[in-house]
There are 2 protein chains.
Amino acid sequence: MEITEDIIIKVALRLFSKKGYAATSIRDIASETNLTSSALYYYVESKKHLLLKIIEKGLNKLIMDAKNGLIHLRDPKDQLKELIRIHVINHGQEQLAALVIDTEYRSLDGEDRQKIRDMRREYEEIWLEVLRQGKNEGVFTYEDVRLATYALMEMCTGVAHWYVEGGRFTIEEIANQYKELGYRMVASLK
Amino acid sequence: MEITEDIIIKVALRLFSKKGYAATSIRDIASETNLTSSALYYYVESKKHLLLKIIEKGLNKLIMDAKNGLIHLRDPKDQLKELIRIHVINHGQEQLAALVIDTEYRSLDGEDRQKIRDMRREYEEIWLEVLRQGKNEGVFTYEDVRLATYALMEMCTGVAHWYVEGGRFTIEEIANQYKELGYRMVASLK
DNA sequence: GTCTATAGGAAGATAGAC
DNA sequence: GTCTATCTTCCTATAGAC
């Protein structure tokens, strides 16, 4: 990957997350990268392709981090807390990407849309499996696994909506509190 | 309010939530209401004003429902469960409005933006007060009230992202499960 | 209230020079 | 690799007839 392309992606990410994909023009992106809009097309196939790459990159990182985080853990309680930690930290550190992934999915169509849908499902499946296993072992209690999973995931996803770097808590401190809140949500009482 | 205006708002709401505000044109809205774009301007001041009215209406309903729901409740546990119930049912029944409120806030500017920000803060304050009171009375446990509140609210808000009418659970059933999950998240162990 | 016509500009993307 | 110039289409919004 070339250096100019990285800058373009970074600028596009910032503008897409701030103004939205549709409201951001190729000329906006070009202007902030000190290129003309035609020079930009030397690096980028289309505006839609740029969005796709941003979303793919972000989701890939999240999935990889989650899978790596679980490798050495066997206890569902530890696994859940690790998923919460990774999800929260991702949505803080990669806040702009997280916002774009969540809100601009609708701007894709056809096989692009399907591909992102599949990646989201893959990530969701990681959580579902941990929650199922925890119930089987009797450490988790909930009525429906999908509902509990969505509740947990959306709670963590929300961090991207309010987190500000340099605020009262670091993202690690937030992750720690969320680990406790999330675990209590589904924990079986001893 | 006139009947044509209601239809316009309904159509705009559907299109804004599906394609996004910026990607929806006045012509799109006119076309689906069987009006020309100029006829539409007889009812609507501007596209931005239409968005503002949609967001205001949706937030107003949510705030009113929350306030009314709490009137006769004194126990923080009951109050929290009622807030969860109202928020979840609102985000299921008014799903499209909820999505527009959450994602198109950025499309407003100036005093419009400030007004919506204030309304969101007013709603948030209702939750914060219940959570604070619960901790004072010893029935809730958490490290930071704002963090716990955001976690609870975002968990419930997320329902708008995945709920489908006619799915495995009615919105009331979902609300019931969320009441339990949310309460356990902050409940003090006896 | 609803129409046709149109102003005035901005959008995505490309051609071709350097 | 980057530019100027431009094609074509779409946009919000208005003027003025009926």
Between atom CZ of B/Phe140 and atom CG of B/Leu131, what is the distance when rounded to the nearest 0.5 Å?
6.0 Å

How many Å lie between CD1 on B/Ile26 and P on C/dA7, as a whole number?
21 Å

Whole Å only: how far is the OH atom of B/Tyr41 from the P atom of D/dG16?
18 Å

For the pair B/Tyr150 and A/Trp162, name the ring-plane relationship: parallel under 30°, tilted 30 to 60°, perpendicular over 60°.
tilted

Rounded to whole Å, how long is the line connecting atom CG of A/Asn34 with atom P of D/dG1?
17 Å

Please compare A/Thr36 and B/Ala22 by the position of their nearest nucleotide in DNA chain D and report the one closer to 5'.
A/Thr36

What is the separation between atom OH on B/Tyr42 and atom C1' on C/dG1, rounded to the nearest whole Å?
6 Å

B/Asp28 atom CG is separated from D/dT9 atom C1', nearest whole Å, by 14 Å

May I ask you to decide if the ring planes of A/Trp127 and A/Tyr123 are parallel, tilted or perpendicular, using 30° and 60° as cut-offs?
perpendicular

Does A/Thr33 reach a base, just sugar-phosphate, or nothing at all? Heavy atoms under 4.0 Å.
nothing

Would you kindly give the CD1-to-P distance between B/Ile7 and C/dG1, to the nearest whole Å?
13 Å

Quick one: label B/Ser25 by what it contacts on the DNA or RNA (base, sugar-phosphate, nothing), any heavy atom closer than 4.0 Å.
sugar-phosphate

